[in-house]
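One structure follows; several queries about it will come next.
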Amino acid sequence: MVYRFIKYTLDIILSYIGFILLLPLIIIISILIKITSKGPVFFKQKRVGKNKKLFTIYKFRTMRVDTPSDSPTHLLRNPDKYITKVGKFLRKTSLDEIPQIINIMFGQMSIIGPRPALWNQYDLIDEREKYGVNNLKPGLTGWAQINGRDELEIPDKAALDGEYVKRQSLFFDIRIFFGTFISILKSDGVVEGGTGNKKDNTDEKLSNLENNNEYS
């Protein structure tokens, strides 16, 4: 498929370019993390990849080393007490995701796609199975990310990921790519310690997309 070839080619080219351009920022963030809290610079975790194959995702460490391992942030009783001062800024600006460029370079992730679920997020994995989302390569950012992110309930998040499955195209990926920058600037959907705080019209959005050729 032409789209998949172009997508893969762009992933590789842009990830290498991005790594080179962002290297000074990576170094600065690494130094700040190291001098402000104990522990490694990078955080590694098992995530669900294409066809539910597990892989190791890389992020900048934003939490203390005594944080319960392999637990989604929204399941922690008081996540704020574990997040470091530098980590809070990195999470709010999504700069903690930069090391995932390495995952894209290795072909484990794409720039655009459903965010990779934690290996034990069985509710999200099962819900995504209904839409064929687990058959896709996960992304650095995706349709659900710019339409609610942490505020979405699991079924709504999976439904939006399913919408992406149906509407995959280069144009749609470009919309998501630039939409991500707008979301980051607004800090949209960033909710520590909880999901499902978005009580708006997710179903209406999905319904409107079905009748809007702009997204096809």
Side-chain angles (χ1 to χ4, degrees), residues 1-37 39-50 53 55-63 73 83-118 136-150 160-161 164 167-190 192 215:
M1 185 177 179
V2 176
Y3 161 68
R4 291 180 181 175
F5 175 76
I6 294 176
K7 183 181 178 73
Y8 175 75
T9 302
L10 287 175
D11 281 341
I12 298 301
I13 293 175
L14 293 179
S15 62
Y16 275 91
I17 292 175
F19 182 79
I20 294 172
L21 294 178
L22 292 173
L23 188 57
L25 180 60
I26 292 173
I27 294 174
I28 292 173
I29 292 175
S30 298
I31 293 173
L32 287 175
I33 292 173
K34 201 63 182 177
I35 64 177
T36 57
S37 62
V41 169
F42 299 106
F43 172 72
K44 297 186 291 184
Q45 193 176 56
K46 289 295 180 183
R47 295 290 180 105
V48 180
K50 184 177 180 180
K53 182 178 180 180
F55 72 99
T56 301
I57 198 173
Y58 298 96
K59 303 177 73 172
F60 280 122
R61 181 176 58 81
T62 60
M63 291 186 165
T73 306
I83 300 174
T84 65
K85 291 181 179 179
V86 172
K88 188 171 185 178
F89 172 75
L90 294 178
R91 294 167 76 92
K92 185 176 182 180
T93 57
S94 295
L95 291 174
D96 60 316
E97 312 286 1
I98 289 178
Q100 286 160 49
I101 289 177
I102 298 173
N103 293 113
I104 298 174
M105 293 166 66
F106 288 168
Q108 299 165 322
M109 290 178 61
S110 180
I111 295 174
I112 307 296
R115 285 294 298 162
L118 189 60
L136 293 184
K137 188 181 293 185
L140 181 63
T141 184
W143 187 230
Q145 288 296 105
I146 65 172
N147 282 286
R149 194 172 173 175
D150 300 334
L160 285 166
D161 288 333
Y164 177 74
R167 299 184 179 279
Q168 291 179 85
S169 70
L170 187 59
F171 177 71
F172 197 32
D173 284 352
I174 291 173
R175 282 187 63 86
I176 294 172
F177 181 81
F178 286 106
T180 298
F181 288 100
I182 296 175
S183 295
I184 290 174
L185 289 175
K186 294 180 177 180
S187 295
D188 282 348
V190 180
E192 300 295 0
Y215 295 97

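Both backbone and side-chain heavy atoms feed into the values below; hydrogens, waters and symmetry mates do not.
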From the options Phe177, Tyr164, Phe172, select the one residue that forms a ring-ring contact (aromatic ring centres under 6.0 Å, His included) with Trp143. Phe172

Once rounded to the nearest 0.5 Å, what's the spacing between atom CG of Asp173 and atom CD1 of Ile111? 9.0 Å

In Å, rounded to the nearest 0.5 Å, how long is the span from CG of Leu185 to OG of Ser94? 10.5 Å

For Asp11 against Ser110, the heavy-atom pair lying closest together: OD2-OG, 2.6 Å

Per the side chain to side chain contact (heavy atoms under 4.5 Å, CB included) rule, which among Leu136, Leu160, Thr141 passes with Pro114? Leu136

Over 12 non-hydrogen atoms of neighbours within 6.0 angstrom of OH in Tyr8: no

Give, for atom CD1 of Ile104 and atom CG of Leu10, the distance between the pair rounded to the nearest 0.5 Å. 11.5 Å

Considering all heavy atoms of both residues, which atom of Lys46 and which atom of Leu118 are nearest to each other, and what is their separation? O-CD1, 3.6 Å

Residue pairs meeting salt bridge (Lys or Arg N to Asp or Glu O under 4.0 Å), one or both in residues 136-145, sequence neighbours left out, come to none

Do any N or O atoms from the side chain of Arg47 and from the backbone of Ile57 form a donor-acceptor pair under 3.5 angstrom? no

Any side-chain heavy-atom pair from Met63 and Phe43 closer than 4.5 angstrom? no

Residues Pro116 and Gly139: closest non-hydrogen pair is CD-O, 3.6 Å

Can you list the residues that meet the salt bridge (charged side-chain N to carboxylate O under 4.0 Å, His left out) rule with Arg115, with sequence neighbours excluded? Glu97

Do Thr36 and Lys85 pass the side chain to side chain contact (heavy atoms under 4.5 Å, CB included) test, and can you show the C-alpha distance, the side-chain angles, and the key distance before you say yes or no? CA-CA 8 Å; Thr36 57; Lys85 291 181 179 179; over 6 Å; no

Residues passing the side-chain hydrogen bond (donor to acceptor under 3.5 Å, both in side chains) test with Tyr16, sequence neighbours excluded, are none

Quick check: Phe42 with Phe60 (ring centres under 6.0 Å apart)? yes

How far apart are the closest heavy atoms of Leu21 and Pro24, and which atoms are they? O-CD, 3.5 Å

Asp96: what forms a salt bridge (charged side-chain N to carboxylate O under 4.0 Å, His left out) with it, not counting sequence neighbours? Lys59

To check you understand the geometry: which heavy-atom pair defines the closest contact between Gly39 and Lys34, and what is its length? O-NZ, 3.1 Å

So, taking the atom named CD1 in Ile101 and the one named OH in Tyr58, what distance separates them when rounded to the nearest 0.5 Å? 14.0 Å

Output the distance between atom CG (Leu32) and atom CD1 (Ile27), rounded to the nearest 0.5 Å. 12.0 Å

Which residues satisfy the ring pair (Phe, Tyr, Trp, His ring centres under 6.0 Å) test with Phe89, sequence neighbours excluded? none

Derivation of the side chain to side chain contact (heavy atoms under 4.5 Å, CB included) call for Ile26 and Ile98: CA-CA 8 Å; Ile26 292 173; Ile98 289 178; 3.8 Å; yes

Just by distance, do the side chain of Lys7 and the backbone of Val2 share a donor-acceptor pair under 3.5 Å? no

Can you name the residues that form a side-chain contact (heavy atoms from CB on, under 4.5 Å) with Ile13, not counting sequence neighbours? Thr9, Ile17

Of all heavy-atom pairs between Leu90 and Ile33, which one has the smallest distance, and what is that distance? CD1-CD1, 3.9 Å

How long is the span from the CG atom in Leu95 to the CG atom in Leu25, to the nearest 0.5 Å? 6.0 Å

Ser37 versus Arg61: any side-chain heavy-atom pair under 4.5 Å? yes

